[in-house]
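Take a look at the structure below.
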Amino acid sequence: MPGTSVIGLQWGDEAKGKLVDLLTEQHEVVVRYQGGANAGHTVVVGPETYKLSLIPSGILTPSVRCVVTGGVVINPKTLLSEVDGLLARGVSVADNFLISDRAHVIFPWHMAEDRLLDESTADGENIGTTQRGIGPCYRDKVGRSYALRLGDLYRPTLKSRIEHIVAVKQKLLSALDESLSDSLNADAIYQEYAEYAERMQPYVGDTNCYLLDAVESEKKILFEGAQGSLLDIDHGTFPFVTSSNSSGVGVPAGSAVAGRFINRIIGVVKAYSTRVGGGPFPSEQDNEAGLHLRERGNEYGTVTGRPRRCGWLDGVALRYSVRLGGIDELAIMLLDVLSGLKELKVCTAYEINGKKTFDFPSHVDQLRDAQPIYDTLPGWEENIEGVRNLEDLPQAAREYLDFISQYVKRPITFVSVGPERKQTILCGAEMERSGSA
Ligand code: GDP
Ligand code: IMO
Ligand code: MG
């Protein structure tokens, strides 16, 4: 089966949305399989900019089926307002959209817990979550007793389940913050969610069944990763991570499609590094270079509007994500943002406690201690937003790309030089594919 997956290789916001939109026309199904409305994927189509959180970026191509699987956590209010926003702009969201009845539901108590518990991280540095209730909802999923799936919203037991959970959650919230005693009203929550359930019903179904059939009938499926590999709950910079498997290893568990059916894995890389929220970031540049990246790259969070932390490309982290995700090829995004920097640095090793290493450390304290060791490359002045062929890039830009490709031992197939679809340079195998298409 021709399955493609798109995986962010850094701390999110690598421009996965743009790449998924570009690849959509080569596929019949686009799947979101982890995370939730913590994601903000931007797709620019001509004069229109779409910011998608829960709905796959393939939705702008009407012939494609968009699927949200059971690995995703869903706030129905957010989902419905995203649907409404798209409908109002003339985008079809009808039988081209399917959501799993196995997906877990975010409730008001999850939002409250996200706010209260992130503020009280013991070591003084907050995770800095997006405050969308993602972690608390996944925590309840794993804990099982106080979790509700979308499918539960259609069961006769819904009201009593909500009452049962509210009784416990109310005690928890009151203990954390006295002003929240009596903040949850089971009746009102039941009414609200019953209405959401009715509105969502046309889209809800068994996505495992649908995708397993799609695999058997050899449909071309595109998997859209959210967040990035370094935010992976198991393999990222724990605890400064999100609560799902956002690296390449997350696709089968989140989607119910076995890894052997995915034959093309594309790693999406921003030409430099950004991070939103807390946690160590060895190549962070809290200086002129960092400011250049933030202003030229418009590095402000898609979901929360927070300024993103900016820094040089971290080759050590990238090589780790590439190997972790079984990445076949790279898409290098936002290369245009580097124009105007005299020299560019790439972190190619860390020094931790006096020892040089090429390995990404497993403990967050080691990463905090890591001193980046840089290779310095020449920059370029030219504006490259209009470049469409690799040969037309300044020599220094081509050298920068070659350096990345050689360092992680993977070919580059896409280079992005602006947010629009046409601001894309196809390289290597992708150029041949598009030439023969
Ligand atoms: P995602 O979460 O990985 O989909 O990425 P975001 O949408 O959060 O952030 C990427 C941002 O960069 C968006 O505002 C895109 O419109 C923009 N973008 C995408 N590709 C390029 C590019 O090549 N150059 C520039 N300057 N901006 C880009
Ligand atoms: P996309 O899909 C960048 C970050 C948050 C925080 C940490 C945990 O647009 O790339 P959470 O709300 O998930 O519990 O927050 O993860 N984070 C992201 N950073 N892009 C994202 O998504 C992110 N989703 C979560 O900033 O540091
Ligand atoms: Mg984003």
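In listed order, ligands and their atoms are each counted from 1. The basis for the numbers below is simple: all heavy atoms, side chains too, and nothing from hydrogens, waters or symmetry mates.
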**Asked** With a 4.0 Å cut-off on heavy atoms, is Gly418 touching ligand 1?
**Response**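 Contact present.
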**Request:** Tell me, please: is Gly40 in heavy-atom contact with ligand 1, that is, under 4.0 Å?
**Result:**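 Right, Gly40 reaches ligand 1.
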Please determine whether a side-chain nitrogen of the Lys or Arg among [X] and [Y] lies less than 4.0 Å from a carboxylate oxygen of the Asp or Glu.
X: Asp13; Y: Lys270; value: no
X: Arg264; Y: Glu430; value: yes
X: Arg102; Y: Asp206; value: yes
X: Asp177; Y: Arg115; value: no

Can you check whether [X] has an N/O within less than 3.5 Å of an N/O in ligand 1?
X: Lys18; answer: no
X: Lys51; answer: no
X: Ala15; answer: yes

**Message:** If you compare all heavy atoms of Met200 against all heavy atoms of Leu79, which two are closest, and at what distance to 0.1 Å?
**Reply:**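 Where Met200 meets Leu79 most closely, the heavy atoms are SD-CD2, 3.6 Å.
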Starting from [atom], find the nearest protein heavy-atom neighbour and note its residue, name and distance.
atom: atom 15 (C) of ligand 1; answer: Thr42 CB, 3.9 Å
atom: atom 12 (O) of ligand 1; answer: Leu334 CD2, 3.8 Å
atom: atom 4 (O) of ligand 1; answer: Gly17 N, 2.8 Å
atom: atom 17 (C) of ligand 1; answer: Pro419 CB, 4.2 Å
atom: atom 20 (N) of ligand 1; answer: Ser416 OG, 3.5 Å
atom: atom 26 (N) of ligand 1; answer: Asp336 OD2, 2.8 Å

When you check the side-chain N and O atoms of [X] and [Y], is any donor under 3.5 Å from an acceptor?
X: Trp380; Y: Ser339; answer: yes
X: Lys18; Y: Thr424; answer: yes
X: Glu82; Y: Thr78; answer: no
X: Asp314; Y: Tyr350; answer: yes
X: Asp114; Y: Thr129; answer: yes

**Asked** Given Arg308, Gln10, Met333, which has its nearest heavy atom closest to atom 9 (O) of ligand 1?
**Response**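 Answer by nearest heavy atom: Arg308.
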**Item:** Under-2.8 Å neighbours of the Mg ion (ligand 3), protein N/O/S atoms only
**Value:**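 Those protein atoms number 2 in total.
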**Prompt:** Side chains of Leu313 and Tyr400: closer than 4.5 Å at any heavy-atom pair?
**Reply:**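 With C-beta onward as the side chain, the pair touches.
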**Item:** Test item: Asp375 and Tyr407 side chains (from C-beta on) under 4.5 Å apart, heavy atoms
**Value:**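 Of all side-chain heavy-atom pairs linking Tyr407 with Asp375, none is under 4.5 Å.
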Can you measure from [atom1] ([X]) to [atom2] ([Y]) and round to the nearest 0.5 angstrom?
X: Lys345; Y: Ser283; atom1: NZ; atom2: OG; result: 12.0 Å
X: Leu293; Y: Asn298; atom1: CG; atom2: CG; result: 12.5 Å
X: Leu230; Y: Phe238; atom1: CG; atom2: CZ; result: 15.0 Å

**Prompt:** Of the backbone atoms (N, CA, C, O) and the side-chain heavy atoms from C-beta on, which set of Val337 has a member under 4.0 Å from an atom of ligand 1: side chain, backbone, both, or neither?
**Reply:**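 Within the 4.0 Å criterion, Val337 contacts ligand 1 through side-chain atoms alone.
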Which N/O atoms of ligand 2 sit under 3.5 Å from a protein N/O, and at what distances?
unit_1   : atom_1 : unit_2 : atom_2 : d
ligand 2 : 2 (O)  : His41  : NE2    : 2.7
ligand 2 : 2 (O)  : Gln227 : N      : 2.8
ligand 2 : 9 (O)  : Asp13  : OD1    : 3.0
ligand 2 : 9 (O)  : Gly40  : N      : 2.9
ligand 2 : 9 (O)  : Gly40  : O      : 3.2
ligand 2 : 10 (O) : Asp13  : N      : 2.8
ligand 2 : 10 (O) : Asp13  : OD1    : 3.4
ligand 2 : 10 (O) : Lys16  : NZ     : 2.7
ligand 2 : 12 (O) : Thr130 : N      : 2.8
ligand 2 : 12 (O) : Thr130 : OG1    : 2.6
ligand 2 : 13 (O) : Asn38  : ND2    : 2.8
ligand 2 : 13 (O) : Thr242 : OG1    : 2.6
ligand 2 : 20 (N) : Asp13  : OD1    : 3.1
ligand 2 : 20 (N) : Asp13  : OD2    : 3.4
ligand 2 : 24 (N) : Gln227 : NE2    : 3.2
ligand 2 : 26 (O) : Val276 : O      : 3.2
ligand 2 : 26 (O) : Arg306 : NH2    : 3.0
ligand 2 : 27 (O) : Ile127 : O      : 3.4
ligand 2 : 27 (O) : Val276 : O      : 2.9

